[in-house]
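Since the model is a prediction, treat every value here as computed from it, not as a measurement. Just follow the structure's listing: the first ligand is 1, and inside any ligand the first atom is 1.
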Amino acid sequence: MHAVSPRPPLTLRMRDEDNVAIVANDGGLPAGTLLPDGVPGAGLVLRDKVPQGHKLALRDIEAGEAVLRYGVPIGHALRRIAAGSWVHERLLQLPSARALAGLPVATVKPPAAEPLTGYSFEGYRNADGSVGTRNILAITTTVQCVAGVVAQAVARIKAQLLPLYPNVDDVVGLEHSYGCGVAIDAPDAVIPIRTLRNISLNPNFGGELMVVSLGCEKLQPARLLPPGSFTITDERGADAGPETICLQDDAHVGFMSMLEHIVQSARPHLERLNARRRETVPASELVVGVQCGGSDAFSGVTANPAVGFCADLLVRAGATVLFSENTEVRDAVEQLTSRAATPEVAGAIVRELGWYDRYLERGRVDRAANTTPGNKAGGLSNIAEKAMGSIVKSGSAAISHVLSPGDKLGRAQRGLVYAATPASDFICGTLQLAAGMNLHVFTTGRGTPYGLAECPVVKVATRTELAKRWHDLMDVNAGRIADGEASIEEMGWELFRLLLDVASGRRKTWAEHWRLHNSLVLFNPAPVT
Ligand code: CA
């Protein structure tokens with residue numbers, strides 16, 4: 001075994017005006033470390049041990065003075081902080097969130113970006129014009145009561161039928177916790193209901209609709225999928241409504257009869273899906289949902305900027321990028337409203353974030369409830385700092401549309417879209433599926449094995465240490481940016497090309513390889529009964 005010489009101390013500063021930088025070295029840096037020439041804070045001696053990803057003061061910061069990262073105040077010093085000190089969350093007072101009035105509206109015109117042409121992928125074209133990246137039979141459920149039966153039916157379909165239909169990638173039961181025991185006429189119940197409806201219409205399901213209902217539930221099939229909310233591609237015609245299997249039907253005598261009914265009903269759907277072939281489609285048919293989870297201080301330095309660069313490439317190629325996570329953009333609201341393409345879009349951003357402020361107030365919390373112990377251990381002091389690092393995932397394009405939670409993107413709605421969702425990973429992913437996402441990009445610093453059965457999830461690690469330790473879970477190592485081995489632009493292009501490969505089915509993600517599937521988790525702001 002040969003000794004590996006430790007890397008020289010490395011610090012990273014986002015903007016020239018910042019009075020803090022973060023420590024890049026694995027394991028952090030001990031007190032007494034002299035910062036070498038060429039790094040932010042050169043010549044300073046660390047007064048404290050500073051963990052990896054955590055901040056050090058680049059100069060003396062007086063009590064009450066703003067601590068600047070990304071060029072914006074992420075807090076105010078609760079006491080004097082000497083240059084070279086560790087700047088942790090206990091030294092910072094969180095700034096109050098900017099009021100949602102008097103915001104700059106559509107003031108930033110992003111530099112005209114040249115259209116990116118000639119990029120394509122192999123996808124499944126649907127009857128409504130949308131394109132799937134996978135060819136999946138989804139079984140919609142109206143209520144949690146049927147979940148156990150559907151799970152058994154799905155297992156049987158996979159074992160007995162799926163091998164006969166080699167062009168079908170998977171069979172997925174859309175299980176959820178909604179459908180009964182809820183105040184279904186409450187105004188906010190519209191959110192979980194339209195979420196379920198729109199997920200069942202996701203482009204990865206080929207327009208096939210198959211519904212399993214209990215019979216007595218509040219969310220009746222006709223309420224979930226009213227006439228006109230969907231197009232049926234088969235010979236039954238749109239008036240027939242979606243094919244529904246009702247477990248309480250008198251015809252079902254015993255469990256086996258229910259199971260057999262579901263399994264046999266799957267056959268014609270599998271036959272039609274199996275007859276489909278991938279075809280070359282322009283990259284503009286991608287609908288990429290981006291989000292982060294298990295963030296650390298590197299999220300905003302490596303992975304999220306690379307995803308932001310890739311988002312700009314996607315928008316230039318005519319594709320759609322969905323970014324989300326209300327509590328993680330709230331502290332940067334003026335960046336969003338100023339990047340809105342029109343005053344109407346800025347107004348919609350204010351409407352959604354205002355609604356979310358009031359939703360949080362009802363629970364007597366605010367956006368500060370977002371951060372986790374892991375975020376703080378990873379160097380993110382508070383939600384203001386986390387937000388600045390989170391929002392860079394959206395790149396620099398103008399925001400062209402805003403979606404309310406559970407809403408589905410219209411065919412004409414392209415470009416950079418703000419899909420207003422909670423930041424919760426599983427709820428955000430569920431709502432992005434409802435929006436029509438056919439590919440998911442997920443950045444993580446602390447590490448999460450997150451995956452979805454409905455859509456490929458490309459996971460991007462913020463640090464090399466995580467990418468190495470979780471070598472068979474992370475698809476991309478953006479830690480190479482902090483290591484000085486790749487630029488943000490290079491990582492962005494690498495991710496863009498990987499997305500086209502994954503969309504085409506040429507590459508599988510690690511989550512697909514291991515079949516790591518998180519549950520759908522609905523956002524239900526309405527009461528349960
Ligand atoms: Ca998240």
Pair Asp331-Arg98, salt bridge (charged side-chain N to carboxylate O under 4.0 Å, His left out): steps then yes or no: CA-CA 7 Å; Asp331 280 271; Arg98 173 139 191 193; over 6 Å; no

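Here the side chain of Asp501 pairs no donor or acceptor atom with the backbone of Ser504 at under 3.5 angstrom. Not one N or O on the side chain of Lys376 forms a donor-acceptor pair closer than 3.5 Å with the backbone of Glu89.
Shown are the protein N/O/S atoms under 3.0 Å from the Ca ion (ligand 1), given by residue and atom: Gln291 OE1, Cys292 O, Glu325 OE2, Ala423 O, Asp425 OD1.
Looking at Arg134 and Glu454, no side-chain N of the basic residue comes within less than 4.0 Å of a carboxylate O on the acidic one, giving no salt bridge. The residues Arg414 and Glu285 are annotated as salt-bridged, a charged nitrogen and a carboxylate oxygen being separated by less than 4.0 angstrom.
Between Phe323 and Tyr418, the ring-plane angle classifies as perpendicular under the 30° and 60° cut-offs.
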